[in-house]
4 protein chains.
Amino acid sequence: MPKLGMEPIRRASLIKATIAEIGHAGTLEVTVSRIAKRAGMSSALAHHYFGSKEALFLAAMRHVLTLYGAEVRGALAAAEGPEARARAVIRASFSPANFRREVVAAWLNFYALAQTRPEARRLLRVYQRRLLSNLTDALRPAQGPRAPGLARQIAVMIDGTYLHAALGSEAPDGAATGAMIEAALAQALQGGDA
Amino acid sequence: MPKLGMEPIRRASLIKATIAEIGHAGTLEVTVSRIAKRAGMSSALAHHYFGSKEALFLAAMRHVLTLYGAEVRGALAAAEGPEARARAVIRASFSPANFRREVVAAWLNFYALAQTRPEARRLLRVYQRRLLSNLTDALRPAQGPRAPGLARQIAVMIDGTYLHAALGSEAPDGAATGAMIEAALAQALQGGDA
Amino acid sequence: MPKLGMEPIRRASLIKATIAEIGHAGTLEVTVSRIAKRAGMSSALAHHYFGSKEALFLAAMRHVLTLYGAEVRGALAAAEGPEARARAVIRASFSPANFRREVVAAWLNFYALAQTRPEARRLLRVYQRRLLSNLTDALRPAQGPRAPGLARQIAVMIDGTYLHAALGSEAPDGAATGAMIEAALAQALQGGDA
Amino acid sequence: MPKLGMEPIRRASLIKATIAEIGHAGTLEVTVSRIAKRAGMSSALAHHYFGSKEALFLAAMRHVLTLYGAEVRGALAAAEGPEARARAVIRASFSPANFRREVVAAWLNFYALAQTRPEARRLLRVYQRRLLSNLTDALRPAQGPRAPGLARQIAVMIDGTYLHAALGSEAPDGAATGAMIEAALAQALQGGDA
DNA sequence: AATGAATGAGGATTCATTCAT
DNA sequence: GATGAATGAATCCTCATTCAT
């Protein structure tokens with residue numbers, strides 16, 4: 001019997017290395033060799049497991065989006081009350097795990113990738129739609145017909161914040177950023193009630 | 001017979017072609033040859049005028065940012081009253097000239113470029129700072145200490161909207177988008193007054 | 001529990017798969033992996049049994065030539081009289097077993113292989129020599145000194161026909177082809193007698 | 001004004017080098033780099049002029065076939081009388097220019113190539129058809145309905161001879177070979193008349 | 001016996017850039 | 001000013017082959 005069960009380990013290593021490398025370089029123009037080296041293997045093995053550079057990129061995207069989705073789901077489960085649910089989504093978006101320089105850089109580059117690769121675009125669209133529906137569902141009980149508009153507004157602010165963070169030089173401050181958006185939300189809610 | 005005064009024309013052609021090509025490809029991975037061909041000259045000439053691919057990209061960025069800045073300035077000059085000035089900035093951001101698929105795609109890619117190239121980063125920072133100060137200045141008379149926060153909120157929404165637009169499949173609708181942000185602004189102002 | 005006696009079975013599978021794969025691809029540029037997969041095993045096992053890709057190719061060649069040789073011998077044994085013996089050789093060359101698209105393609109590629117690999121060349125030479133002596137022996141009783149020339153003429157026609165068949169789009173028609181050569185032979189004999 | 005008119009020179013060099021390299025290696029598995037080096041340039045330039053390895057191979061094939069066609073046409077023009085015309089075709093096929101080890105090896109590999117590449121197959125088919133019609137036309141005046149069969153017989157012998165020559169170790173002897181086929185032809189004609 | 005794991009070597013292709021004219 | 005010519009360096013990808021289990 002041969003050495004077995006390496007595949008999932010290698011795949012995970014490669015995905016992690018891909019995100020790290022893209023984050024580090026700030027570009028999608030990273031070579032498969034670099035990624036493989038960071039993951040501790042030959043580039044040939046990377047191709048063996050993923051078939052192509054693009055497939056590797058897409059897997060990395062899927063991974064980031066999956067992690068994010070899981071975090072949002074977890075936060076939603078723990079939240080009680082509509083407003084709390086909306087805040088939970090925001091907070092998850094800026095949790096330390098997601099809102100790291102590295103991941104933010106990768107995220108931005110995935111947006112760029114989505115311009116060219118249909119599959120990447122599809123993935124991001126799914127993410128957007130889910131984010132939007134999560135927010136809308138959370139806001140509807142209290143805001144009724146204003147919910148979709150508010151949800152969009154918040155979604156746009158989350159993405160815009162990522163964009164800004166990608167430009168900052170220091171490590172992005174998730175807490176502060178989240179607070180800002182939550183404040184905007186609070187104000188919006190308050191304004192609406194007035 | 002060397003044609004005199006060709007330089008500025010050639011440079012402009014190349015910059016325009018660069019933006020068009022990046023917008024069309026949705027990537028920075030466009031070749032100098034393609035750009036040059038679109039501009040109706042040899043790639044060698046492109047190098048002659050700009051020295052390197054990177055320099056050409058930066059010039060294109062500068063061009064986009066300059067156009068945008070001019071538009072904002074124009075709108076500001078025509079606006080009367082603080083709120084009108086804030087709305088003017090928003091509207092300029094989504095004017096037909098700026099908020100085209102092509103330009104949006106280029107813009108997004110410039111953000112990605114800024115991750116790697118300090119000069120690109122510098123340019124985008126200047127743009128951000130100016131946008132922010134324009135908005136803050138416009139809002140301060142009526143909002144006082146709330147102005148910076150509101151300004152940041154709007155700025156983030158503008159950028160977030162660009163990001164979203166880059167993902168959409170149809171031509172982005174500047175009017176609708178601008179209206180959404182203006183509505184958010186109005187609400188924020190109203191909420192603040194309450 | 002190691003299965004005993006698998007070796008000959010595995011080897012035969014691999015040889016068959018090699019011919020099939022070359023025939024199917026029309027090239028020697030088939031990978032060991034593909035061959036092994038077609039034979040239902042891992043490429044590592046193929047190497048275990050044959051040591052190298054080249055050795056596998058040579059074994060496949062040997063197989064084809066051996067089959068052909070057997071067929072010729074069988075036909076000769078059944079033939080009575082000089083002319084019948086010559087016709088038997090021709091017929092064997094275009095028997096359904098040998099004159100299949102797949103085998104013809106492999107055959108042609110083996111000729112190409114013989115350009116580079118001495119062992120492959122040696123094998124083909126042996127085949128040629130045998131074919132020639134079979135024909136010569138068959139023709140000598142009736143044709144005397146003309147036998148060698150006639151034999152060569154027929155041999156050349158057989159090989160040329162394979163070449164043509166390799167180019168045809170439909171499955172090659174062994175019966176018709178053999179008939180043509182036999183007719184040529186008959187004419188030659190008749191012409192000689194005249 | 002730049003250095004001009006290199007293209008045809010380079011293309012010719014590359015085609016010549018391709019044939020030489022294939023002939024020398026006896027395989028299509030020659031690298032573009034080797035070909036380019038033999039032609040005295042970088043492999044990048046080879047790609048610049050031909051676009052791909054396959055295109056280069058096809059151009060080389062076309063060249064060989066064109067040369068052959070020209071030689072046949074020349075020989076036909078000089079021949080007087082039906083039989084002489086048929087002999088001319090044969091002789092041209094074994095002229096020193098065409099029947100060189102190198103070219104024969106390339107020829108054989110082109111046949112192998114034709115198994116995979118439709119364009120290569122098309123080219124060879126054109127060659128075959130032309131050869132056949134040349135021979136048929138030459139033979140019809142004297143042989144009438146027997147012409148097509150005879151033509152095919154000769155064509156097959158020509159190709160078979162190339163195959164045999166590819167296997168020989170010494171430089172192939174065009175004169176002797178041609179003579180053999182001509183003898184076969186003569187005999188066939190004589191036989192037919194009988 | 002058998003195979004998944006792993007890689008080194010190599011090859012086609014691309015491209016920014018330089019240069020001679 | 002302008003360009004065809006030319007290339008070095010890189011990158012993705014493939015594959016025969018080896019090895020540990």
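So you know, we letter chains A, B, ... as the sequences are listed, proteins then strands, and number each from 1. Just the heavy atoms: all of them, side chains too, but no hydrogens, waters or symmetry mates, feed the values below.
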I'd like to check the side chain to side chain donor-acceptor pair (under 3.5 Å) partners of Glu7(D); sequence neighbours left out, ordered by chain and number.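 For Glu7(D), the residues satisfying side chain to side chain donor-acceptor pair (under 3.5 Å) (neighbours in sequence not counted) are Arg11(D).
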Using the side chain to side chain donor-acceptor pair (under 3.5 Å) criterion, which residues pair with Arg125(A)? Sequence neighbours excluded. none
Spacing between [X] atom [atom1] and [N] atom [atom2], to the nearest angstrom:
X	N	atom1	atom2	answer
Glu7(D)	dT3(F)	CD	P	17 Å
Ile9(A)	dA5(E)	CD1	P	10 Å
Arg11(C)	dA2(E)	CZ	C1'	16 Å
His47(B)	dT7(F)	NE2	C1'	14 Å

With a 4.5 Å cut-off on side-chain heavy atoms, are Ile35(D) and Lys53(D) touching?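 In short, these two side chains do not touch, never coming nearer than 4.5 Å.
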Indicate yes or no: at least one non-hydrogen side-chain atom of Val126(A) is less than 4.5 angstrom from one of Leu65(A).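 Not touching, per the 4.5 Å side-chain cut-off.
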Residues Phe57(C) and Leu28(C): closest non-hydrogen pair is CZ-O, 3.5 Å
If every non-hydrogen atom of Ser13(A) is compared with every non-hydrogen atom of Met41(A), which pair is closest and at what distance? CB-CE, 4.2 Å
Name every donor-acceptor pair, under 3.5 Å, that has one atom in a side chain of residues 44-52 of chain B and the other anywhere in the protein, sequence neighbours excluded.
| unit_1 | atom_1 | unit_2 | atom_2 | d |
| --- | --- | --- | --- | --- |
| His47(B) | ND1 | Ser43(B) | O | 3.3 |
| Ser52(B) | OG | Glu54(B) | N | 3.4 |
| Ser52(B) | OG | Ala55(B) | N | 3.1 |

Using the closest heavy atom to pick a nucleotide of DNA chain F for each, name whichever of Ser33(A) or Val30(C) lands nearer the 5' end. Ser33(A)
Gly5(D) vs Glu29(A), nearer the 5' end of DNA chain F by closest nucleotide: Gly5(D)
When the side chains of residues 14-27 of chain A are checked against the rest of the protein, which donor-acceptor pairs come out under 3.5 Å, sequence neighbours left out?
| unit_1 | atom_1 | unit_2 | atom_2 | d |
| --- | --- | --- | --- | --- |
| Thr18(A) | OG1 | Leu14(A) | O | 2.7 |
| Glu21(A) | OE1 | Arg38(A) | NE | 2.4 |
| Glu21(A) | OE1 | Arg38(A) | NH2 | 3.3 |
| Glu21(A) | OE2 | Arg34(A) | NE | 3.1 |
| Thr27(A) | OG1 | Ala25(A) | O | 3.3 |
| Thr27(A) | OG1 | Thr116(B) | OG1 | 3.1 |

If you measure from OH on Tyr111(B) to CE on Met61(B), what distance do you get to the nearest 0.5 Å? 8.5 Å
Among residues at least two apart in sequence or on other chains, which ones pass salt bridge (charged side-chain N to carboxylate O under 4.0 Å, His left out) with Arg100(B)?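 Listed in chain order: Glu102(B).
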Close approaches to DNA chain E from [range], in residue order (heavy atom, under 4.0 Å):
range	value
residues 34-45 of chain A	Met41(A), Ser42(A), Ala44(A), Leu45(A)
residues 15-28 of chain C	none
residues 49-63 of chain C	Tyr49(C)

On DNA chain E, compare the nucleotides closest to Thr31(D) and Arg10(A); which residue's is nearer the 5' end?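 Nearest nucleotide further toward 5': that of Arg10(A).
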Give one of base, sugar-phosphate or nothing for His48(D), where a contact means two heavy atoms less than 4.0 Å apart. nothing
Using 30° and 60° as the class limits, which term best fits the ring planes of Trp107(C) and Tyr162(C): parallel, tilted or perpendicular? tilted
How does DNA chain E look in dot-bracket form if you count Watson-Crick and G-U pairs under 3.5 Å, write [ ] for pairs that cross, and put | where a base pairs with another strand? .||||||||||||||||||||
Full working for side-chain contact (heavy atoms from CB on, under 4.5 Å) between Glu29(D) and Glu29(C): CA-CA 9 Å; Glu29(D) 276 162 57; Glu29(C) 275 162 55; 3.9 Å; yes
Does Lys37(A) reach the main-chain N or O of Val32(A) with its side chain, forming a donor-acceptor pair under 3.5 Å? no
Among dA16(E), dG4(F), dA6(F), find the nucleotide with the atom closest to the side chain of Leu4(D).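 Closest of the options to the side chain of Leu4(D): dG4(F).
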Can you list every pair that meets salt bridge (Lys or Arg N to Asp or Glu O under 4.0 Å) and has a residue in residues 55-68 of chain C, with sequence neighbours left out?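 Non-adjacent pairs meeting salt bridge (Lys or Arg N to Asp or Glu O under 4.0 Å): Arg62(C)-Glu119(C).
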